[in-house]
Participant: 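Dumping the structure here so I can ask a few things about it.
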Amino acid sequence: MSTIVITGGAGFIGSHLCDSLLQRGHRIICIDNLITGEIANIAHIHSDNFLFIKHDVTHYIYVEGPVDYVLHFASPASPIDYLQLPIQTLKVGALGTHKALGLAREKQASFLLASTSEVYGDPLAHPQREEYWGNVNPVGPRGVYDEAKRFAEAMTMAYHRYHGIDTRIVRIFNTAGPRMRMNDGRVIPNFICQALKGEDLTVYGDGSQTRSICYISDLIEGIHRLMLSDIHDPVNLGNPHETTILELAQRIIQQTGSSSQISFRPLPEDDPKQRRPDITRARELLSWEPAVGLREGLEKTVAYFREKLK
Ligand code: UDP
């Protein structure tokens, strides 16, 4: 049994990590300030091995007793969230990562950073391999997230190289599933809720931009394998099945049996035109690849939002 601190543990990915690691018999200390995380995501957990601490990890993190792993998942993560919370996003990526690394150092724990495909910016290389350095606009609206995560990666490698901390970096591509916030502004909750309510699906731009959507259970499995590995370089985790946003809208209308139409809205500034992970590294080093296809993942996510909208 390991003791695992999860920052952002009440968020979408963080709460699934709490569930999965509790099931595997570990003790979880979940830290979240609930600015984008929700108590509802962890309210079902009734375990003596689970402790929730409401705390902003940009401030000193105090945890009693030994800790084996620190998984740093705290951050606003949807474009709407980080546009509304730009300073918090920069602070949690920078100061929060520093504090979480400090905790790992103090406890001689392993550390895993939740990074993002956003470090590749609006990528000029396709699909994105870990070796690609990215094409990020530091002063654009998404810069607050992209640069915070790039700083977080640099800080993680500095703690690894200078302090000898046992670190991992996962670059998470678009992921969907239950517990995404209905109003977080991301494409999957938007389209599914619009389709279920019979409203127009709002496709930004002409919908030719692409994304590749991974189902949450696949991502969690990959994170677990990475956590147990000894890979210090970044590893992409995502589903390489690429779709245009317009195709995604049509698919969601069809899968939900909705009578919704599609309406086109302006493309947000610096919206990446294409995104697909190259997962060769995860395949080779973690023997990981996604098992849940887009149709099945969407079905499960639609079922969740149907319940929510009741
Ligand atoms: N998008 C869209 N309609 C929406 C929400 C998003 O067309 O209602 C587009 C958005 O412009 C982007 C893609 O869907 O090209 C994915 O957006 P999301 O906010 O999910 O995250 P991103 O991958 O851009 O970080």
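Both ligands and their constituent atoms are indexed starting at 1 by order of listing. Note that these values count all heavy atoms, side chains included, but never hydrogens, waters or copies made by symmetry.
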Participant: Write out the protein residues near ligand 1, meaning a non-hydrogen atom under 4.0 Å from one of its atoms, in order of chain and number.
Facilitator: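 For ligand 1, the contacting residues are P79, E118, R142, N174, G185, R186, V187, N190, F191, T202, V203, Y204, Q209, R211, I245, P268, D271, R275.
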
Participant: Which residue pairs pass the ring pair (Phe, Tyr, Trp, His ring centres under 6.0 Å) test when at least one of the two sits in residues 215-241, sequence neighbours left out?
Facilitator: H160-H232

Participant: F173 versus L219: any side-chain heavy-atom pair under 4.5 Å?
Facilitator: no

Participant: Sequence neighbours left out, what pairs pass ring pair (Phe, Tyr, Trp, His ring centres under 6.0 Å) with at least one residue falling in residues 285-310?
Facilitator: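 Every candidate ring pair (Phe, Tyr, Trp, His ring centres under 6.0 Å) pair involving residues 285-310 fails, so no pair, neighbours aside, qualifies.
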
Participant: Might you confirm whether atom CZ of R251 has over 12 heavy atoms from other residues, nucleotides or ligands at distances under 6.0 Å?
Facilitator: yes

Participant: Between D166 and S110, is any side-chain donor less than 3.5 angstrom from a side-chain acceptor?
Facilitator: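 Looking only at side-chain atoms, S110 and D166 do form a donor-acceptor pair, the distance falling under 3.5 Å.
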
Participant: Any ring pair (Phe, Tyr, Trp, His ring centres under 6.0 Å) involving residues 65-95? Give me the pairs, sequence neighbours left out, ordered by first then second residue.
Facilitator: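 Counting only pairs at least two positions apart or across chains, the ring pair (Phe, Tyr, Trp, His ring centres under 6.0 Å) contacts touching residues 65-95 are Y82-Y145.
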
